[in-house]
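A short worksheet on the structure shown next.
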Amino acid sequence: MSTVRIALAPGDLVFREGDAPTTAFLIEEGRVDVTTEREGQTIRLATLGPGDLLGEMAIIDDAPRTATATAAEPCLLLAIDRAAIGERLEQADPIIRTLLESQLRRYRGALAAMQGRGGAPTPAATPAVSASEQLSIGKFRLESQLREALTTRGLDLRLQPLYEIPSRRVTGFEALVRWNHPERGPISPLEFITLAEETSLINPVGEYVLDAAIESLRALRGEQDVGPFIGINVSPRQLAETRLIERIVERTAALGVSPDRIKVEITESQMVDYPTVRRLVKRCHEFGIKVAMDDFGTGYSNLGHLYELEFDTVKVDQTFPRKMFQSPRAMALLRSIVDMIHAIGADVVVEGIESERQLAALAEMGVRYAQGYLIGKPLLLPDALAFETGAFSPVDS
Ligand code: C2E
Ligand code: CA
Ligand code: CA
């Protein structure tokens with residue numbers, strides 16, 4: 001970023017209406033008058049002083065200057081290069097950029113009307129909405145519909161069975177949320193969880209999932225007192241902001257379910273905030289809640305996570321079983337990952353199991369849990385209950 005200091009005497013011009021924008025200015029000392037012409041008359045729009053930004057508007061929306069700026073007294077300005085602003089705008093949250101751009105458009109419209117330039121802008125005079133603006137507006141719409149879905153129970157929970165290979169039984173489930181959108185049909189959590197994570201909306205969505213999952217546990221009583229466990233996915237923002245553990249403890253107590261039937265799943269790529277995750281794992285264990293590292297083997301695969309954080313379970317990402325019979329290297333890696341996780345005393349779940357051949361290979365490796373379409377797809381509660389008989393075995397069927 002290049003910055004230059006400019007000293008001006010009273011009456012010196014900073015820029016003139018209609019000029020192409022090259023620079024914005026930060027006023028360090030003195031005052032600057034911002035004026036416009038209407039029917040031969042000079043109208044003062046504002047007088048800016050130390051700390052104020054000047055001329056940034058034309059840079060942000062890449063349009064000619066809409067007013068003239070003149071030093072009203074001796075001034076010292078800091079020139080901010082157009083590229084430096086552009087770079088920051090590029091990096092800005094697209095939603096914030098859209099808000100800024102639409103605000104500027106409104107301001108320019110009002111200014112044009114005041115200057116007698118055509119009153120209300122015609123559609124042709126209004127700059128077309130850019131693709132990124134459309135995307136941002138689409139996000140706003142989706143976000144407000146998601147808020148509505150929370151109140152109208154437009155979200156539902158699916159339960160995907162986890163098969164315990166040695167006992168040949170389904171002994172747990174993973175809670176996977178679905179949004180039944182009124183116009184678009186079911187929307188994948190991959191789309192709306194990311195959206196919810198961009199705002200605090202993830203908190204009510206997370207609470208909704210948590211409450212629904214614990215309610216399902218009550219229904220999934222299992223045989224005697226040892227019912228199946230349920231894995232609940234949590235987002236980084238939930239870890240940082242919500243009373244996640246307190247809520248689990250309160251809700252399980254209220255419904256008479258033991259908290260050791262809950263397994264919190266944290267994606268490996270979320271481990272960036274070590275102290276928060278470490279605290280979470282420790283507190284979960286104080287209450288008997290289990291913790292799983294999700295999607296191991298994708299992206300970050302930092303072995304430090306494995307020994308520094310005491311996970312009860314590690315879930316190996318579906319990319320490994322998908323490639324295991326095509327690539328001897330993928331098979332060798334999967335085997336080593338399984339051995340490594342066993343060596344630290346954690347359970348292994350391998351995700352994305354779609355064939356009996358894959359399941360047999362996992363059994364041979366000594367993997368405890370398999371999850372995937374072979375065992376069952378994510379199901380609504382009544383269908384999940386059918387797995388509870390304990391008689392199910394994909395190998396026998
Ligand atoms: P994940 O935790 O890795 O969940 C497993 C995903 O793989 C699920 O997709 C599941 O439907 C899919 N899957 C399971 N078995 C198979 C298989 O055999 N083959 C194939 N091709 N796919 C299989 P889904 O439900 O679309 O969820 C996607 C991701 O969204 C999840 O990945 C999880 O990261 C996130 N997610 C889902 N529900 C929640 C939630 O309640 N809260 C949060 N924070 N994230 C959630
Ligand atoms: Ca998961
Ligand atoms: Ca996963």
Side-chain angles (χ1 to χ4, degrees), residues 146 149-150 154-163 170 172-181 185-216 229-242 244 247-248 262-271 280 290-301 311-324 337 341 348-359 362 369-380 383-384 394:
L146 180 56
L150 277 166
L155 297 183
D156 61 36
L157 204 66
R158 303 284 161 130
L159 300 171
Q160 187 175 30
L162 267 89
Y163 182 67
V170 167
F173 294 87
E174 175 176 0
L176 294 159
V177 65
R178 294 285 177 274
W179 178 9
N180 298 310
H181 190 274
I187 299 183
S188 161
L190 292 173
E191 185 178 345
F192 72 87
I193 291 286
T194 317
L195 178 79
E197 271 173 355
E198 288 172 10
T199 64
S200 56
L201 195 54
I202 190 63
N203 295 332
V205 171
E207 285 170 5
Y208 182 98
V209 170
L210 197 69
D211 293 355
I214 296 173
E215 270 169 42
S216 319
F229 65 86
I230 201 158
I232 299 171
N233 294 285
V234 297
S235 304
R237 225 176 144 138
Q238 276 177 281
L239 300 184
E241 286 178 16
T242 55
L244 180 76
R247 199 177 178 98
I248 294 177
I262 306 277
K263 200 177 270 188
V264 171
E265 296 193 6
I266 309 173
T267 303
E268 202 205 346
S269 56
Q270 298 167 5
M271 302 295 165
L280 177 98
K290 309 273 188 350
V291 192
M293 180 200 279
D294 202 0
D295 301 335
F296 183 73
T298 56
Y300 294 79
S301 293
F311 294 101
D312 304 277
T313 305
V314 177
K315 300 188 76 172
V316 180
D317 191 69
Q318 29 182 296
T319 43
F320 289 93
R322 202 174 293 150
K323 296 275 160 58
M324 70 200 280
I337 290 171
I341 298 167
V348 180
V349 177
V350 181
E351 301 187 279
I353 297 304
E354 296 183 353
S355 74
E356 291 191 9
R357 193 173 166 215
Q358 288 170 320
L359 186 66
L362 296 191
Y369 295 106
Q371 180 180 358
Y373 295 166
L374 174 72
I375 322 297
K377 292 202 165 177
L379 306 163
L380 285 170
D383 299 316

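As the structure is a computational prediction, the values presented were derived from the model and not from experiment. When a ligand or atom number is given, it counts from 1 through the structure's own listing order.
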To the closest 0.5 Å, what do you measure between CG (L157) and CG (L380)? 9.0 Å
Subset of ligand 1 atoms that lie under 4.0 Å from at least one heavy atom of V209: 41 (O)
Got an N/O contact under 3.5 Å between N233 and ligand 1? yes
Can you tell me how far CG of L162 sits from CD1 of I375, rounded to the nearest 0.5 angstrom? 8.5 Å
Below 4.0 Å, non-hydrogen atoms only: which portion of V205 touches ligand 1? Side chain, backbone, both or neither. neither
In the protein, what heavy atom is nearest to atom 4 (O) of ligand 1, and what distance, to one decimal place, separates them? L176 CD2, 3.6 Å
Region of Q160 engaging ligand 1 - heavy atom pairs below 4.0 Å: side chain
Give yes if a backbone or side-chain nitrogen or oxygen of Q318 is under 3.5 Å from a nitrogen or oxygen of ligand 1, and no if not. yes
Quick one: does I193 get an N or O within less than 3.5 Å of an N or O on ligand 1? no
Say whether E197, considering both its backbone and side-chain N or O atoms, lies within less than 3.5 Å of an N or O atom on ligand 1. no
Atom of E351 nearest the Ca ion (ligand 3) (restricted to N/O/S, atom name only): OE1
Could you grab the distance from atom NZ of K263 to atom CG of D312, nearest 0.5 Å is fine? 7.0 Å
Of all N/O/S atoms in E174, which lies nearest to the Ca ion (ligand 2)? OE2
To check you understand the geometry: which heavy-atom pair defines the closest contact between G297 and E268, and what is its length? N-OE1, 3.4 Å
Measuring centre to centre across the rings, with the benzene-like ring taken for any Trp, is F296 within less than 6.0 Å of F311? no
Of all the heavy-atom pairs spanning A175 and A213, show the shortest one and how long it is. CB-CB, 4.2 Å
Identify the closest protein heavy atom to atom 11 (O) of ligand 1: which residue and atom is it, and at what distance? P378 CG, 3.4 Å
Can you check which of R178, Q358, E351 brings a heavy atom nearest to atom 5 (C) of ligand 1? E351
Distance from atom 3 (O) of ligand 1 to nearest protein heavy atom, with residue and atom: D295 OD1, 3.2 Å
The Ca ion (ligand 3) and D295: any N/O/S contact shorter than 3.0 Å? yes
Are any of the heavy atoms in K315 under 4.0 Å away from ligand 1? no
Among all protein heavy atoms, pick out the one at the shortest distance from atom 21 (N) of ligand 1; state its residue, atom name and that distance to 0.1 Å. E354 OE2, 3.3 Å
Just to confirm my output: which protein heavy-atom neighbour is closest to atom 38 (N) of ligand 1, and how far is it? V177 N, 3.3 Å
Could you go through D211 and R247, starting from their C-alpha distance and side-chain angles, then the distance that decides it, and tell me whether this counts as side chain to side chain contact (heavy atoms under 4.5 Å, CB included)? CA-CA 9 Å; D211 293 355; R247 199 177 178 98; 2.7 Å; yes
Quick one: does E191's side chain have a donor or acceptor within less than 3.5 Å of a partner on S188's backbone? no
Atom name of the N, O or S atom in E265 that lies nearest to the Ca ion (ligand 2): OE1
Any L374 side-chain heavy atom under 4.5 Å of Y163 side chain: no
Distance below 4.0 Å between atom 9 (O) of ligand 1 and any protein heavy atom? no
Any sub-3.5 Å donor-acceptor pair from S355's side-chain atoms to Q358's backbone N or O? yes
My understanding is that only one of I187, L150, D156 makes a side-chain contact (heavy atoms from CB on, under 4.5 Å) with W179; could you say which? I187
Can a donor-acceptor pair be found, under 3.5 Å and without considering hydrogens, that links the side chain of N233 to the backbone of E265? no
Could you say whether the N/O atoms of T267 and ligand 1 ever approach to under 3.5 Å? no
Polar proximity ligand 1 side, S235 side, N/O cut 3.5 Å exclusive: yes
Nearest option to atom 23 (C) of ligand 1, as decided by whichever heavy atom of F192, Y208, Y373 sits closest: Y373
Should you measure from each heavy atom of G372, which atoms of ligand 1 turn up under 4.0 Å away? 15 (N), 18 (O)
Pair L280, I266 - check side chain to side chain contact (heavy atoms under 4.5 Å, CB included), show working. CA-CA 10 Å; L280 177 98; I266 309 173; 3.3 Å; yes
What's the shortest distance from atom 29 (C) of ligand 1 to any protein heavy atom, and which residue and atom give it? L190 CD2, 3.5 Å
Heavy atom of E174, distance to ligand 1 below 4.0 Å: yes
Which heavy atom in L379 sits nearest to a heavy atom in K377, and how many Å separate them? CG-O, 3.0 Å
Are E351 and K315 within salt-bridge range, i.e. N to O under 4.0 Å? yes
Do you know the tightest heavy-atom contact between V350 and V348? CG2-CG1, 4.0 Å
heavy-atom search around atom 27 (O) of ligand 1 in the protein gives P189 CG, 3.4 Å
May I ask you to check whether D294 brings an N, O or S atom to under 3.0 Å from the Ca ion (ligand 3)? yes
Closer than 3.0 Å to the Ca ion (ligand 2): does that hold for any N, O or S atom in T267? no
